[in-house]
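What follows is one structure encoded as structure tokens, with my remarks underneath.
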Amino acid sequence: QPADEIISALRGRKTTEELKRIQAAIHTTETIYQETFDFAQVGMSEREVSNFMHEQLATRRLEPAWAYDGCPIVNAGPDSPVGHGAPGDLVIQRGQILHLDFGVRQDGYCSDIQRIAYFLAPGETQAPEAVQHGFETVKEAIRAAARAMRPGVAGRDVDAVARSWITGAGYPEFMHATGHQLGRQAHDGGALLGPLWERYGDAPRQTLEAGQVFTLEPGLTMPGYGYLGLEEDVVVTETGAEYLGAPQQDLICLAR
């Protein structure tokens, strides 16, 4: 067995202390998210939101979980390109989604979480049914994927559960993997919760092991509203999977 496979396997199985550090990083990330949603308002640019989150890192003397310019990823509305790009000049508008992808590196370990908020249009007291339905679909896809996780299951099979949940609800399939391993790096370890696409090689064929930490991040694009993506961090246990943080249960609606 090649040495890099052995090292990857050992690095992938997290000890109790490593899990504590990842959970601490997740808790910090959740706190920064709360402060960011308290700060964000209509008319602010993606770059302004990013700068605020960078200030929170600086205050805590922490590093981002991946490249500084693209952590956080900030998508304001439907015209913002989704992916690992730097925040731009697009501004938050009423009747649109603000999507954030962010993580910290704390005590040598990373978090990686996505959150969304919807900014109410004039006269709205809640998000449109289409946005709410999309949110519930993504949330349930994550739950279904977590239920499918246990030692011995191939990553591609977990991906298939989340992917079929999204497409079964009538949405196009997302064009990325459902999740990746998480640890000292935001993308850690060799296993991948992904489809058997050429660019992923054999990673989706690898099977899950107890102690591995994965992200779960299906998503969908809502025409006219923006990208609706959530991301939670979970650990594989002997009997299933457990969330390492508090998953986003409700769509955050803001009216400012």
Side-chain angles (χ1 to χ4, degrees), residues 2 4-5 8-9 11-13 65-66 70 73 75 80-85 97 99-101 103 110-116 133-183 185-223 226-237 240-244 247-248:
D4 58 344
E5 290 183 15
S8 177
R11 183 165 171 164
R13 302 182 201 117
W66 56 90
I73 296 168
N75 300 116
S80 184
V82 177
H84 288 260
I97 293 168
H99 166 258
L100 303 171
D101 188 347
C110 295
S111 59
D112 186 0
I113 297 172
Q114 293 176 43
R115 292 288 179 262
I116 68 157
H133 185 264
F135 175 83
E136 293 296 331
T137 300
V138 174
K139 183 178 75 172
E140 292 303 322
I142 290 174
R143 288 181 173 177
R147 288 194 298 269
M149 296 176 75
R150 59 186 182 279
V153 172
R156 65 180 179 178
D157 293 332
V158 178
D159 174 83
V161 169
R163 196 167 297 278
S164 64
W165 195 280
I166 297 292
T167 57
Y171 299 100
E173 70 172 310
F174 45 95
M175 301 310 294
H176 57 81
T178 293
H180 54 80
Q181 283 185 259
L182 178 71
Q185 307 287 336
H187 288 250
D188 202 45
L192 184 76
L193 309 179
L196 292 177
W197 294 345
E198 184 177 354
R199 71 177 187 258
Y200 294 143
D202 287 331
R205 290 189 173 92
Q206 293 191 30
T207 56
L208 278 55
E209 299 180 27
Q212 291 177 332
V213 174
F214 284 92
T215 67
L216 293 173
E217 48 181 302
L220 51 90
T221 297
M222 302 289 297
Y227 183 68
L228 202 162
L230 299 173
E231 183 175 18
E232 311 297 351
D233 302 336
V234 301
V235 59
V236 181
T237 69
E242 294 179 359
Y243 292 101
L244 290 172
Q248 183 172 347

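Quick note: numbers below take in every heavy atom, side chains included, and nothing from hydrogens, waters or symmetry partners.
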Review point. Knowing that exactly one of Thr215, Asp101, Leu216 qualifies, which makes a side-chain contact (heavy atoms from CB on, under 4.5 Å) with Gln114?
Key: Asp101
Taking side chain as C-beta onward, heavy atoms only, is [X] less than 4.5 Å from [Y]?
X      : Y      : value
Leu192 : Phe214 : no
Leu230 : Phe135 : yes
Val213 : Leu244 : yes
Gln212 : Gln181 : yes
Cys110 : Leu182 : yes
Gln248 : Glu232 : yes
Pro218 : Ile142 : yes

Exercise for review: Please identify each residue that fulfils ring-ring contact (aromatic ring centres under 6.0 Å, His included) with Phe174, with sequence neighbours left out.
Suggested key: His176
Exercise for review: Using salt bridge (Lys or Arg N to Asp or Glu O under 4.0 Å) as the criterion, list what pairs up with Glu242, not counting sequence neighbours.
Suggested key: none
Practice item. List for me each residue that meets salt bridge (Lys or Arg N to Asp or Glu O under 4.0 Å) alongside Glu217, sequence neighbours excluded, and say none if there are none. Key: none
Throw together a table of side-chain donor-acceptor distances under 3.5 angstrom for residues 146-156, partners on residues two or more places apart or in other chains.
none

Practice item. If a pair satisfies salt bridge (charged side-chain N to carboxylate O under 4.0 Å, His left out) and one of its residues is in residues 162-177, list it, with sequence neighbours excluded. Key: Asp159-Arg163, Arg163-Glu173
Can you name the closest pair of heavy atoms from [X] and [Y] and give their distance?
X      : Y      : answer
Ala241 : Thr237 : N-OG1, 3.9 Å
Glu209 : Val236 : O-CB, 3.4 Å
Val158 : Ala145 : CG1-O, 3.7 Å
Gly190 : Ala203 : O-CB, 3.3 Å

Practice item. Determine yes or no for a side-chain-to-main-chain donor-acceptor pair under 3.5 angstrom, with His180 supplying the side chain and Ala186 the backbone. Key: yes
Point to revise | Asp233 (side chain) donor-acceptor with Tyr243 (main chain) under 3.5 angstrom | key: no
Exercise for review: Mind running side-chain contact (heavy atoms from CB on, under 4.5 Å) on Ile116 and Leu100 for me, showing each step along the way?
Suggested key: CA-CA 6 Å; Ile116 68 157; Leu100 303 171; over 6 Å; no
Practice item. Please list, chain by chain and in numerical order, all residues satisfying side chain to side chain contact (heavy atoms under 4.5 Å, CB included) with Thr137, sequence neighbours excluded. Key: His133, Trp165, Ile166, Ala169, Tyr171, Leu220
Review point. To the nearest 0.5 Å, what is the distance between CD (Gln206) and CG (Leu193)?
Key: 11.0 Å
Point to revise | side chain to side chain donor-acceptor pair (under 3.5 Å) against Tyr200, all qualifying residues, sequence neighbours excluded | key: none
